[in-house]
Amino acid sequence: MSELTSYERIYAVVRRIPRGRVATYGQVATLAGLEGHARQAGYALHALPATTAVPWHRVINAQGAISARAPGGDGLHQRLLLEAEGIEFDARGRIRLARYQWRPRGQ
DNA sequence: TTTATGGCTGTCA
DNA sequence: ATGACAGCCATAA
């Protein structure tokens with residue numbers, strides 16, 4: 001019923017994530033109309049080109065941690081991007097979701 | 001067309 | 001608190 005692909009819906013949601021905030025894959029999937037398909041949200045982000053304007057780094061897993069998508073430490077790059085936006089990580093490299101998780105509609 | 005897989009999530013130990 | 005298992009279904013081959 002849409003001319004947009006699932007990926008594009010996901011990108012549209014991710015683009016709405018304010019700076020200094022994060023959202024989980026499941027949350028993005030739900031907002032994109034794909035409730036319960038957290039993985040698809042992850043795949044969509046995985047498919048993003050390096051030149052994208054989508055703030056994919058603001059999307060993390062339900063544990064408030066960064067999913068290691070590549071060996072070696074690419075996750076570190078994502079972490080730096082988040083820290084640059086003012087998001088703090090605890091000693092285990094996890095984000096305080098209670099404080100930084102994006103809350104659409106309720107501000 | 002079918003088959004395999006997966007940037008996850010939730011539950012149980 | 002962490003670790004392991006199974007499941008949901010779209011995308012890619």
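Throughout, protein chains are lettered first and strands after them, A, B, ... in sequence-line order, and every chain is numbered starting at 1.
Listed pair Thr24(A) / dC8(B) fails the phosphate criterion, with no side-chain N or O lying under 4.0 Å from OP1 or OP2.
Between the CD1 atom of Ile60(A) and the C1' atom of dC8(B) there is a distance of 13 Å, given to the nearest Å. Between Ile10(A) atom CD1 and dC9(C) atom P the separation is 15 Å, expressed in whole Å. When the P atom of dC8(B) is taken as reference, atom CD1 of Ile66(A) falls 12 Å away, rounded to whole Å. Rounding to whole angstrom units, NE2 of residue His46(A) and P of dT5(B) are separated by 16 Å. To the nearest angstrom, P of dC8(B) lies 13 Å from CH2 of Trp56(A). The CD atom of Gln40(A) sits 7 Å away from the P atom of dA10(C) (whole-angstrom rounding). We find that CD of Glu35(A) is positioned 12 Å from C1' of dT9(B), with the value rounded to whole Å. One atom, CG of Leu97(A), and another, P of dG10(B), lie 11 Å apart when rounded to the nearest Å.
Formation of a donor-acceptor pair under 3.5 Å by the Gln78(A) side chain with backbone atoms of Val59(A) is found in this model. Looking only at distances, no side-chain donor or acceptor of Arg58(A) sits under 3.5 Å from a matching main-chain atom of Arg21(A). Using a distance-only test at 3.5 Å, with no hydrogens or angles considered, a donor-acceptor pair links the side chain of Glu8(A) to the main chain of Thr5(A).
Within a 6.0 Å radius of CD in Glu35(A), no more than 12 heavy atoms belonging to other residues, nucleotides or ligands are found.
With both pairing distances under 3.5 Å, dG7(B) is matched to nothing as a Watson-Crick or G-U wobble pair. Across all strands shown, dC8(C) remains unpaired; no Watson-Crick or G-U wobble contact has both distances below 3.5 Å.
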* In sequence, state the C-alpha distance, the side-chain angles, and the governing distance for Leu97(A) and Ile60(A), and then conclude on side chain to side chain contact (heavy atoms under 4.5 Å, CB included). => CA-CA 10 Å; Leu97(A) 284 178; Ile60(A) 59 179; 3.7 Å; yes
* Starting at the 5' end of nucleotides 2-7 of chain C, put B wherever the base has a protein heavy atom under 4.0 Å, S where only the sugar-phosphate does, and a dash everywhere else. => S----B
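When the nucleotides dG10(B), dG7(B), dT11(C) are ranked by their closest atom to the side chain of Tyr7(A), dT11(C) comes out on top.
By the 4.5 Å heavy-atom criterion applied to side chains, Tyr7(A) and Gln40(A) are not counted as neighbours.
Figure legend: cation-pi geometry between Arg94(A) and Phe89(A) absent, as NZ or CZ is not positioned both under 6.0 Å from the six-membered ring centre and within 45° of its axis.
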